[in-house]
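Have a look at the structure below, then the notes.
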Amino acid sequence: MTLADAAPPKRGWSIAHLIASPRFQSSVARIPVLRRLARRDGDALMDLVAGFVHSQILLAVVELQLLHRLMDGPADAPDLAAGTGIDARRIAILCDGAVALGLMRRARRGYRIARRGAALLGVPGLEGMIRHHPVLYRDMADPLALLRGGETELSRFWPYVFGAGAAEDPATAERYSRLMSDSQILVAEETLARIDLSDATEVLDVGGGTGAFLAALGQRHPHPRLHLFDLPAVVAQAEARLAHAGLAGRAHVTAGSFRDDPLPKGADTITLNRVLYDHADETVAALLSAIRAALPPGGRVVVSEPMTGGVSPNRSGNAYFAFYTLAMGTGRARSPDEIAKLLKAAGFEAVRDHGTSRPFVTHVLSARRKD
Ligand SMILES: C[S@@+](CC[C@H](N)C(=O)[O-])C[C@H]1O[C@@H](n2cnc3c(N)ncnc32)[C@H](O)[C@@H]1O
């Protein structure tokens, strides 16, 4: 017996029942205004149905570097097939799929890059994210198994979130850092565009990774001292990056785990960029309490990460990051309201939502330590 057999749909009339009726759908097709609406809904529905094929076309295009090759000018399928080990006729199938998805355009001779394809190349970290997606894709292949719990491939990919011990493996740290470092720049720029940190005297970036955020902050604002805290296997790269940005004199790096070690004192602003959503509520509560203890009264905490929409679910938070974190197995994507509650419970007040202009990149909140 399937679940559908076990739970027959409830009877009764509703707009939803009407729209779901094939008879209604064929009568709509005869009314021009409704036909346009129905067509739009139909296209959106087919995008949902075929979305996994679209993502895999994108992955193939990125793996074969086809967009990079078209940046040098138009090329035909045999040109693009050279060196790929794939037959030119099959490359043409892939390129036509990419044309349909707006990544390429047909040219007189073969294909050329489309605006959307060029934009993809301009987003730091996006190609790395697409290349990393096969891990998540395998976990999503059986969404019911994912929802029921159990071991996932993504949880094995990110052992560092389970504790500092796992992150002592330099290969893991290197893999993580490579994936994060490009998109870190994007998150840093977006965060600094939404909140003014020029008046801080010292900013401690907890889970600061390879230092992209503090480097961007230091270059934008000449005064704040910069302090980065992250796991021992991660911080070596941060020191080098901050020195390379000419910030060695203002910057300090401390290696440690916020699970086991006290956070360094001295900062009046503590930032958490893409840190909380990696962790369970209990870990977040303990981390926020430790941040409160490290700040002076009135000190500021800044949380910047992609967030869900709460009662108005959104595509990036609810239809992507919520599933990503589910597959990671430890953290969860949270709404601004949920994070505000955790902040207040840890002894913060004056929570401010600085919003987002690119929800896929980040959303920013800040709060002040209660006296
Ligand atoms: C998703 S990454 C974000 C890195 C960076 N802030 C960014 O936006 O790209 C999470 C960071 O938290 C760090 N982290 C995880 N567990 C930690 C712990 N117990 N103590 C200190 N840092 C930790 C990781 O090493 C990593 O740098």
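First listed ligand is number 1; within each ligand, the first listed atom is number 1. Positions are given from 1, in the same order as the sequence printed here.
Among the atoms of Gly207, some N or O lies under 3.5 angstrom from an N or O of ligand 1. Every N/O-N/O distance between Phe229 and ligand 1 stays at or above 3.5 Å. Residue Asp230 has at least one nitrogen or oxygen atom sitting less than 3.5 Å from a nitrogen or oxygen atom of ligand 1, judged on distance alone. Checking only distances, Ser257 does come within under 3.5 Å of ligand 1, N or O to N or O.
With a 4.0 Å cut-off on non-hydrogen atoms, Asp278 touches ligand 1 through its side chain and not its backbone.
Side chains of Glu202 and Thr269: a donor-acceptor N/O pair is absent below 3.5 angstrom, by distance only. Of the N and O atoms on the side chains of Arg358 and Ser316, not one donor lies less than 3.5 Å from an acceptor on the other residue. For the residue pair Ser366 and Arg352, no side-chain donor N or O sits within less than 3.5 Å of a side-chain acceptor on the partner. Defined by atom type and a distance below 3.5 Å, a donor-acceptor pair is missing between the side-chain atoms of Glu239 and His244.
Under a 4.0 Å criterion applied to the non-hydrogen atoms of Val234, ligand 1 contributes the atoms 25 (O). Against a heavy-atom cut-off of under 4.0 Å, Asn273 is close to the following atoms of ligand 1: 3 (C), 5 (C), 6 (N), 7 (C), 8 (O). Near Gly256, with a cut-off below 4.0 Å to any heavy atom, the atoms of ligand 1 are 20 (N), 21 (C). Numbered from 1 in the order shown, with element, the atoms of ligand 1 that lie under 4.0 Å from a heavy atom of Gly209 read 27 (O).
The shortest heavy-atom distance from Ala233 to ligand 1 is not under 4.0 Å.
Proximity of a side-chain donor or acceptor of Thr356 to a complementary backbone N or O of Thr362 within less than 3.5 Å is detected.
Within 6.0 Å of CZ in Arg116 there are 12 or fewer heavy atoms belonging to other residues, nucleotides or ligands.
Aromatic ring centres of Tyr320 and His133 lie closer together than 6.0 Å.
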